[in-house]
Amino acid sequence: MKRLLCIISAALLATCSFGARSVPDIIPAPKSMELTKGSFKVRGAAFNCENTVDARIQNDIMAFADHLALISGKNNSFTTTVGLRANCDKAKVSGFAFVPEESLPAEGYRISVTPKAVVVRASSRNGFLYAIATLKQMLPVAIYGKEPSPKEDWNIACCEIVDEPRFGYRGMHLDCSRHMFSVEQIKRYLDAMAIYKMNRLHWHLTDDQGWRIEIAKYPRLTEVGAYRKGTQIAKDRTSNDGVRYGGYYTRSQIDEIIAYADKLGITIVPEIDLPGHMQAALAAYPELGCAGSEPQPYEVWCRWGISKQVLSVGKEETMRFLEDVVGEVADIFPSEYFHIGGDECPRDEWQKDPACQAKIKELGLVSDSEASAEDRLQNYVTNRIQKYLSGKGKRVIGWDEVLKGELGEGATVMSWRGSKGGIEAAKKGFDVIMTANKFMYFDYYQLQDKDIQPLAIGGYLPFSKVYSFDPTEGLNASEAKFIKGVQANLWTEYIATGEHLEYMMLPRAIALSEVQWCQPSRKDLERAKSSMAEHQSRILDILGYNYCKTIE
Ligand code: TNX
């Protein structure tokens with residue numbers, strides 16, 4: 001009963017107010033928000049921007065002003081002004097005022113709304129973008145659409161917002177190997193991320209079941225490696241639907257996606273998964289494998305699971321191939337981070353492969369209680385690729401398997417087999433991104449009743465469990481500093497369409513955003529759920545996202 005009353009009063013607060021929504025309902029919740037008296041009339045308000053603000057940011061602000069004008073049905077002028085900042089400090093401005101404030105943290109911002117002005121301060125482009133994202137959640141949801149809606153309530157409540165993220169790396173991952181998604185679909189994925197202030201898309205571009213990025217030096221990777229003869233049907237690993245499946249992203253499509261993401265303040269982190277998960281590459285270049293000289297022993301895999309067919313990293317030719325590939329990919333993506341995979345590389349073939357065994361001997365690698373000689377052979381690969389990429393100014397990320405044995409200084413560990421690997425890495429002084437599968441695997445079911453959901457890989461990961469994730473659990477304050485970010489992963493073995501992809505992403509990505517952005521003291525599951533029911537669902541509806549309507 002008490003809870004019901006709470007919900008009713010929250011709903012009343014959210015709707016019947018003096019003009020504007022009296023308590024702005026924003027996800028992820030800002031660090032602090034204090035309501036003051038009155039409201040600001042947005043319709044027709046002038047936009048002013050300090051002239052020293054970067055031209056690119058000015059364009060972002062102008063685009064927001066134009067869109068607001070279109071939807072609210074009244075023009076918003078845009079002017080750049082000298083000395084605007086000093087006037088803001090003296091409260092001598094009216095309309096919207098965007099001013100730089102270097103003392104604010106990276107990606108942080110402040111918004112001060114009075115009946116006369118909305119003053120927005122930030123120290124970086126992303127800070128301004130997040131301020132705009134927050135303002136949009138304070139406006140009628142029509143702002144997310146394309147239709148002029150002048151009749152809406154174009155006022156925002158007066159308030160003081162001070163905001164900054166808890167973690168600098170706030171990611172979503174997307175597997176485009178098992179199934180491919182169109183450029184348009186990836187843009188929609190990015191759009192949803194941007195609403196919730198995420199800043200990294202980890203793009204899984206290669207795996208056993210398909211190679212999805214053109215590499216000039218190795219054309220067969222896409223000519224051969226991008227296509228499989230068929231796909232297993234549902235969970236039956238012996239089945240094959242017999243339908244050829246595949247494709248890849250051309251260089252210009254990749255550039256288009258990078259640019260689109262960048263406009264939203266999102267950096268794309270490419271992944272080339274090595275030295276396992278390489279069966280598609282082996283189908284294209286069998287000489288890089290451990291299978292010897294049999295005629296074409298490989299095919300792009302048509303099943304899900306962990307393939308035993310891995311690269312023969314004992315051959316110098318294979319290492320050069322890897323360096324060429326990651327080198328070319330590194331030149332395409334501006335991201336400082338480069339993901340080199342490293343997960344699930346079975347040792348079966350390496351134990352028998354003469355080239356790998358010769359390399360183990362040459363390097364003097366031995367098995368001990370900590371790691372096997374083959375584990376150390378993977379260290380050799382990881383270290384070599386890391387060195388190669390750092391020569392190109394890149395920092396590598398690896399799945400937590402890379403921690404076994406000796407990991408090179410400066411690598412970042414992505415903890416997926418629970419938080420264990422991340423905790424171990426942080427204690428050793430490595431940077432960590434938490435993607436613990438029990439909390440962050442969006443390929444799991446999100447409702448208890450499996451029959452009412454599309455087939456999923458397994459597991460049970462409802463909205464509330466995502467929300468409950470504590471990325472620094474088990475760490476003291478100085479160790480917790482190594483946790484640089486949080487990400488959810490979307491593996492797509494059982495997800496073949498854009499609609500299904502959105503269903504798996506949403507609304508769980510909304511829960512994720514508060515794990516990434518909010519300090520624990522700001523988190524409140526009941527608030528997030530009611531925001532979902534009252535507000536976020538309407539944003540998703542107007543944008544036409546397919547999302548899971550039930551929240552558990
Ligand atoms: C494990 S997470 C994998 C993926 C699968 C996923 C399915 C990780 C680094 N490797 O190859 O798609 O499980 O949940």
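Note that the numbering runs from 1 along the sequence shown for the chain. As the structure lists them, so they are numbered: ligands from 1, and atoms in each ligand from 1.
Using a distance-only test at 3.5 Å, with no hydrogens or angles considered, no donor-acceptor pair links the side chain of Thr412 to the main chain of Val432. His173 places no side-chain N or O within 3.5 Å of a backbone atom of His202 that could act as its donor or acceptor partner.
Taking each of Trp399, Trp416, Trp491, Tyr494 in turn, the one with a heavy atom nearest to atom 6 (C) of ligand 1 proves to be Trp491.
With respect to atom 11 (O) of ligand 1, the closest heavy atom belonging to the protein is Arg178 NH2, 3.0 Å. Annotation: atom 12 (O) of ligand 1 to nearest protein heavy atom, Glu493 OE2, 2.6 Å. For atom 10 (N) of ligand 1, the nearest non-hydrogen atom of the protein is Asp343 OD2, 2.8 Å. Among protein heavy atoms, the minimum distance from atom 3 (C) of ligand 1 is reached at Glu344 OE1, 3.5 Å.
Looking only at atom types and distance, the side chain of Arg166 has a donor-acceptor partner in the side chain of Thr472 under 3.5 Å away. In this structure, a donor-acceptor pair under 3.5 Å is absent between the side chains of Tyr169 and Asp431. No side-chain N or O of Tyr388 forms a donor-acceptor pair with one of Asn383 less than 3.5 Å apart.
Using 4.0 Å as the threshold, Arg417 has no heavy atom nearer than that to any atom of ligand 1. Not a single heavy atom of Met414 sits closer than 4.0 Å to an atom of ligand 1.
Between Lys523 and Glu514 no salt bridge is recorded (no basic side-chain N to carboxylate O distance below 4.0 Å).
Proximity of Asp443 to ligand 1, defined as any heavy-atom pair under 4.0 Å, is confined to the side chain (atoms from C-beta onward). Contact annotation for Asn437 and ligand 1: no heavy atom of the residue comes within less than 4.0 Å of the ligand. Only the side chain of Tyr441 comes within contact range of ligand 1, with a heavy atom under 4.0 Å; no backbone atom does.
Those atoms of ligand 1 that come under 4.0 Å of a heavy atom in His277, given as number and element, are 11 (O).
Side-chain contact between Gln378 and Pro275 is present, with heavy atoms from C-beta onward closer than 4.5 Å.
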